[in-house]
**Q** 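My questions all concern the structure below.
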Amino acid sequence: MNKITAAITAVGAYVPDYVLSNQVLETMVDTNDEWITSRTGIKERRILKDKDKGTSFLAIKAAQDLLQKSGTKPEDIDMVLLATATPDMPVAATAVYVATQIGAVNAFAYDLQAACSSFLYGMSTAAAYIQSGRYKKVLLVGADKMSSIIDYTDRATCIIFGDGAGAVLFEPNEEGYGLQDEYLRSDGIGREYLKIDAGGSLLPASKETVANKQHYVFQDGKTVFKYAVSNMADVSEKIMNRNNLSHDDVDWLIAHQANKRIIDATASRMNLDDSKVLVNIEKYGNTTSATLPLLLSDYEHQFKKGDNLVFASFGGGFTWGSIYLKWAYDKK
């Protein structure tokens, strides 16, 4: 019997209609289009304006897009894994609600949180369930309503983040396609540099925490940038060396869309031509758990069966890593 690998067999995505452009941000905080673009590569981001809708709405839409495009029956899904940093609510797992709403009545579901590396870690988790032989269809969704945790008077963070969702379906493969290798890392030194202070067990919500704006994202930009540049580049280079991949062997870099300069630094370390580096940060900003699947959705038509994809991400905690995956299908 051939070895079972976990291959991506379908992709879906969803972004809200409302576009928050750099020009609009100029009217909200002391910033300008040139400053934002030169430092981040971001031109606009999508925002879910409806206050009655949370991350689950984005996730359901992306999952439904995948089901519709692939012809997958929701009742055939064994598991739904939701990568997110912005669940609808504490305790009640958002993935469970998403699974029910899309009709995945035979699936079990749970949330996975590793900040901006959530989807990358989710790929590893989904692949492990497939490779175990116990499950045949694992739906992995990456979704975040970052606008719900951003202070739009803080120019350090409000220019960066947007809302969105993407989804992939993992299935068994015996032809050698799918996830080949992974190198995942974490370091608790990052706890102080990218966080939300309040709302957890350490500092529960109170009048004071709300008044002090401690439920919004705090980021020490310079420190996070330094760690992200070095670590994303390191793991990407390591995954190439470990699998004897030259820059000619890598067809596509699928990098977390947090900052164009970080993406460029990673590509440079890998000695990749710009044409192999997939970027959509200018349209969406940093959608946290959704950046990687949104890239897959936007560029799915360019992938060919057998293409070598290298994924890389970096997130709060700190969490980071790289995954090497062989693409399993040609888009029809």
Side-chain angles (χ1 to χ4, degrees), residues 20-47 85-86 113-120 144-164 185-199 203 212-236 255-269 277 279-292 312-321:
L20 178 59
S21 67
N22 290 350
Q23 287 72 23
V24 175
L25 280 174
E26 288 177 3
T27 69
M28 298 166 61
V29 289
D30 182 16
T31 191
N32 61 72
D33 174 63
E34 191 280 328
W35 193 93
I36 297 171
T37 305
S38 63
R39 285 161 178 78
T40 68
I42 302 167
K43 284 287 188 183
E44 57 190 41
R45 59 293 291 140
R46 300 298 186 96
I47 303 295
T86 55
Q113 207 282 75
C116 290
S117 299
S118 296
F119 190 85
L120 190 82
D144 272 303
K145 185 182 178 182
M146 292 303 293
S147 61
S148 66
I149 55 171
I150 296 299
D151 176 5
Y152 284 92
T153 66
D154 175 18
R155 68 176 183 175
T157 55
C158 74
I159 66 170
I160 298 169
F161 295 97
D163 303 338
R185 310 296 298 156
S186 61
D187 187 343
I189 194 173
R191 183 172 163 116
E192 293 306 307
Y193 302 118
L194 180 50
K195 61 179 178 177
I196 293 177
D197 278 322
L203 187 61
N212 293 335
K213 296 187 173 183
Q214 290 174 283
H215 296 269
Y216 292 125
V217 169
F218 163 81
Q219 176 170 277
D220 178 339
K222 288 183 179 179
T223 303
V224 173
F225 180 84
K226 181 183 72 174
Y227 275 95
V229 165
S230 61
N231 287 316
M232 263 180 67
D234 284 347
V235 291
S236 301
H256 173 54
Q257 306 288 293
N259 185 299
K260 182 65 164 56
R261 291 185 293 167
I262 298 172
I263 300 166
D264 290 344
T266 302
S268 177
R269 181 79 73 86
V277 183
V279 178
N280 60 10
I281 190 171
E282 74 283 356
K283 295 193 296 181
Y284 307 130
N286 182 353
T287 54
T288 304
S289 306
T291 64
L292 299 182
S313 194
F314 184 88
F318 291 129
T319 60
W320 71 98

**Q** Between K43 and D33 (salt bridge meaning N to carboxylate O under 4.0 Å), is one present in this structure?
**A** yes
**Q** Does any donor atom in the side chain of K213 or T153 lie under 3.5 Å from an acceptor atom in the other side chain?
**A**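 Looking only at side-chain atoms, T153 and K213 do form a donor-acceptor pair, the distance falling under 3.5 Å.
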**Q** Within the side chain of T37, is there an N or O that forms a donor-acceptor pair under 3.5 Å with the backbone of G41?
**A**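 Answer holds: no.
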**Q** Working to the nearest 0.5 Å, report the span between CZ of F161 and OG1 of T288.
**A**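 Between atom CZ of F161 and atom OG1 of T288 there are 5.0 Å.
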**Q** With a 4.5 Å cut-off on side-chain heavy atoms, are F318 and S117 touching?
**A** no
**Q** Where the side chain of S38 meets the backbone of E34, is there a donor-acceptor pair that is under 3.5 Å apart?
**A**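 Confirmed, S38 side chain pairs with E34 backbone.
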**Q** Is there a side-chain contact (heavy atoms from CB on, under 4.5 Å) between I189 and Y227 once you walk through the steps?
**A** CA-CA 10 Å; I189 194 173; Y227 275 95; 3.4 Å; yes
**Q** Between atom CZ of F314 and atom OG of S230, what is the distance when rounded to the nearest 0.5 Å?
**A**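 Here the interatomic distance stands at 7.0 Å.
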**Q** Quick check: do K260 and I42 have side-chain heavy atoms less than 4.5 Å from each other?
**A**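 Answer no - side chains too far apart.
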**Q** For the residue pair D144 / S289, report whether a side-chain donor-acceptor contact shorter than 3.5 Å exists.
**A** yes
**Q** Is the backbone of I281 close enough, under 3.5 Å, to the side chain of Q257 for a donor and an acceptor to pair up by distance?
**A** yes
**Q** Hey, is the main chain of V29 close enough, under 3.5 Å, to the side chain of R155 for a donor-acceptor pair?
**A**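 Absent.
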**Q** Treating S268 as the side-chain partner and D264 as the backbone partner, does any N or O pair qualify as donor plus acceptor under 3.5 Å?
**A**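 Side chain of S268 to backbone of D264, a donor-acceptor pair under 3.5 Å: no, none is there.
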**Q** Charged N to carboxylate O below 4.0 Å: is that the case for R269 and D234?
**A** yes
**Q** List the atom pairs, with distances to 0.1 Å, where a side-chain N or O of residues 191-199 and a protein N or O form a donor-acceptor pair under 3.5 Å, not counting sequence neighbours.
**A**
{"unit_1": "E192", "atom_1": "OE1", "unit_2": "K195", "atom_2": "NZ", "d": "2.9"}
{"unit_1": "K195", "atom_1": "NZ", "unit_2": "D197", "atom_2": "OD1", "d": "3.1"}

**Q** Could you walk me through whether R185 and T319 pass the side-chain contact (heavy atoms from CB on, under 4.5 Å) check?
**A** CA-CA 6 Å; R185 310 296 298 156; T319 60; over 6 Å; no
**Q** So, T266 side chain and I262 main chain: donor-acceptor pair closer than 3.5 Å or not?
**A**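 Yes; judged by distance alone, with no hydrogens or angles, the pair exists.
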**Q** Closer than 3.5 angstrom, by distance alone: can the side chain of S21 be matched with the main-chain N or O of V24 as a donor-acceptor pair?
**A** yes
**Q** Going from OG1 on T86 to CD on Q113, what distance comes out if it is rounded to the nearest 0.5 angstrom?
**A** 9.0 Å
**Q** Is the backbone of L25 close enough, under 3.5 Å, to the side chain of Q23 for a donor and an acceptor to pair up by distance?
**A**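 No, Q23 side chain to L25 backbone: no donor-acceptor pair under 3.5 Å.
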**Q** Evaluate the criterion side-chain contact (heavy atoms from CB on, under 4.5 Å) for residue pair W320 and V235; output intermediate values, then yes/no.
**A** CA-CA 8 Å; W320 71 98; V235 291; 3.4 Å; yes
**Q** I'd like to know if the side chain of R261 reaches the main chain of R39, judged simply by a donor and an acceptor atom lying under 3.5 Å from each other, with no hydrogens or angles considered.
**A**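 Checking the backbone N and O of R39 against the side chain of R261, a donor-acceptor pair under 3.5 Å is found.
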**Q** Determine whether a donor-acceptor pair (N or O, by modelled atom type, separation under 3.5 Å) exists between the side chain of R45 and the backbone of G285.
**A**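 Pair absent, no side-chain N/O of R45 close to backbone of G285.
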**Q** Taking 4.0 angstrom as the limit, do D163 and R46 come out as a salt bridge?
**A** no
